[in-house]
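Chain letters run A, B, ... following the sequence lines, proteins first, then strands; residues in each count from 1.
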Amino acid sequence: MIIDEQTPPRFHRRHLLGTEGLTPEEISILLDRSETHVQQNRQANKKKSVLNGRTIINLFFEDSTRTRTSFELAGKRLGGDVINMAVSTSSVKKGETLIDTAMTLNAMHPDVLVVRHPQSGAVSLLSEKVNCAVINGGDGAHEHPTQALLDALTIRRRLGHLSGLVIAICGDVLHSRVARSNIHLLNTMGARVRLIAPVTLIPSGIEHLGVEVFHNMNEGLKDVDIVMMLRLQRERMQGNFFPSIREYFNFFGLDEAKLANAKDNALIMHPGPMNRGVEIDSDLADDFGRSVIREQVEMGVAVRMACLEILTENLDQSVASNL
Amino acid sequence: MATTNISTQHTLYINARLIDPATGRDEMGGILCDGKVISDIGPHLNNGKPRANSKIINCKGHCLVPGLVDMRAHLGEPGEEHKETLETAGRSAVAGGVTTIVCLPNTEPAIDDMSVVEFVARRARKLGLSKVYPYGAVSKKLEGKEIAELGMLSEAGAVAFTDGFKTVSDIQLMLRALSYAKTFDLLIVQHPEERGLSKNGVMNSGETATRLGLGGIPRYAEIIMVERDIRLVEMSGGKIHFAHLSTSDAIDCVRKAKARGLTITCDTAPPYFALNELAVGDYRTFAKLSPPLRKEEDRQAVIEGLKDGTIDAIASDHTPQDEESKRLPFSEAAAGGVGLETLLPITLELYHNGHMSLIEALNLITHRPAKLLGLKAGKLEIGRRADITILDPERGWKVEDKTLKSKSKNSPFDGRPVQGRTMQTIIDGRLVFQAEG
């Protein structure tokens, strides 16, 4: 096979369903493109026209304010028409199935569907039934790829690279799609991932995904570059995973004393929304020297702009190749 | 179906490889059917002169075996006719060479009353396809609270007792059921799964479930229930049969309990020795089964259990689900797969892969299950009803929805190339299925 070294690598996929299986090149393409939007988003005139005429539907089967708003802004700043659909309150209650909803929306010729669903695998099922591009906005406990990308962009801008970093993901790994997407992405980019949680919140067999598991926060945080806190998803918890919030915070909440084990300049991250005083001490969350939580939100818009832009470029390609 | 006039008709099947696992017979020969019953069998029939009014059928060297006995199938009728009826199940069964089906009581209404036992038996008899024997419910309405009328259900024709794909969870109820069943020497069949451990799960617990973000069902859900019930058998002196074992440890528990002389038997189903959890792949709901597909080590252990006789039989575990129940996100999709037509070829994989001889593999789906449930089936014997399957163990085909006769097409083996095809199925001396081509 002859490899043409002049051709820049491309992101060929029709959908963005997860970070598992993405190559380092593909991740870099998405991150590099995101960079270009960061500056633009800080200007007075934030609007571009690359998505003029494009329709983006935010299809959310699960409540969300932050992610939906972020995708909505991203689409609008690129000049696309964005429609929000919160399905949990409409058709599904009337017995319409996921597939029916997909077919109905597909008939309206959207260009991109951004889908969030409470069941793992639901977004991939839906993507098989539509002609447009699909972005996974979070499915069950499976994946949330744009969150992992915005985390990576935040880290890369602060520390310059991902490779070789030691990153601790702490808290409710069991119910977390953010953790899974981050594990895949960070491993692919050459970072080392640690998980820190009580045994009840670590899913079985996760060590096979290439992570080191700790149950003691002081040990797990030793010399890490990044502390990534997860939200305790109490709404998904059936049964007793820990005895009380007080006990949880005592052993697994991030405070100054535990953070002292990490590197001096270690960054604190959180995908939001935070449970202050449950998984993270309120003062630490607001410590601008170390907490990059607000930056993550900012990068979110840029990353989602890049994803929308690249996937719609691919739509043009596939139309062209069908002719 | 016109059967009245041919009761005096003789049909002679010649040039057949006669395989009868019950007696160990495996030789070339013929079989003579006198109306509904077998009147002669042996190598001498290949050369002997047929009687004047005999119809002669040349089996072309194919195997002639007792009609297959499937000791566990969900048939959908009454109550879920949109998924399967006794007729579509019967067509599916005869295409799979199955002449005797034992059906689960998880119908609507449940088979917890003599009238439902009689309804199912009468409907099946009228169809003239595979013979259907119902299981009776262990508990009224399958609610797991009060014991059903085991004695009267047994008199009405229920061959054994189970709550089907629901576990008899309440320990007191299970102990009473085992003890009470002993009164009439009846068998209790258990779906061993500790609900407390399995209720939030949808596939086998472990790396794959974690990667897919799906709730796991730990292996221990099965192991713990098997261990508990073995103790209850010890306590009560009753008899238990465990359905579709899927884990190495549960099989080992049965192995040890048998060695201790307890009256314990068990079966498994084709998915558990032919597939592992990787079949779930990217949320394939056809691979969502109950119990769930396990790890490769467990699959290997199931084969070992079949080889050393710990596992007594193979059942299809036929569970039809329509598209609406399967075309859903994995967690919401219904569990189960159709199996009547794949029981034979997947069981024969044990032979083709060198794990056992052809006659040993066939034993697991003929004589063994029939003997376990006390059914007059699964044996080639003079004077018995002529329920016969003629099959070509080598013939290849592909499992596809268009080839399946069942009303539902949810096969976990969808797309799999298999070997072993039913050529003809004969029930009570009557040809009820003939392969095309």
Residue pairs passing the salt bridge (Lys or Arg N to Asp or Glu O under 4.0 Å) test with at least one member in residues 273-285 of chain B, sequence neighbours excluded, are B/Glu277-B/Lys295
Check your understanding: Between A/His215 and A/Phe251, does the ring centroid distance fall short of 6.0 Å?
Key -> no
Would you check if the distance from the ring center of A/Phe241 to the ring center of A/His175 is below 6.0 Å?
yes
Which one wins on heavy-atom pair count under 4.5 Å against chain B: [options]?
options: A/Val123, A/Ile183, A/Ile99, A/Asp139; result: A/Ile99
options: A/Gly140, A/Gly18, A/Ser120, A/Gly205; result: A/Ser120
options: A/Ser204, A/Ala122, A/Ala141; result: A/Ser204

Part of [X] within contact of chain B (heavy atom distance under 4.5 Å):
X: A/Ile206; answer: both
X: A/Glu207; answer: neither
X: A/Arg180; answer: side chain

**Item:** Side chain to side chain, B/Glu332 and A/Gln119, heavy atoms closer than 4.5 Å
**Value:** yes
Test log, rule salt bridge (charged side-chain N to carboxylate O under 4.0 Å, His left out), inputs B/Lys141 and B/Glu143
CA-CA 5 Å; B/Lys141 293 182 180 164; B/Glu143 285 176 342; 5.2 Å; no
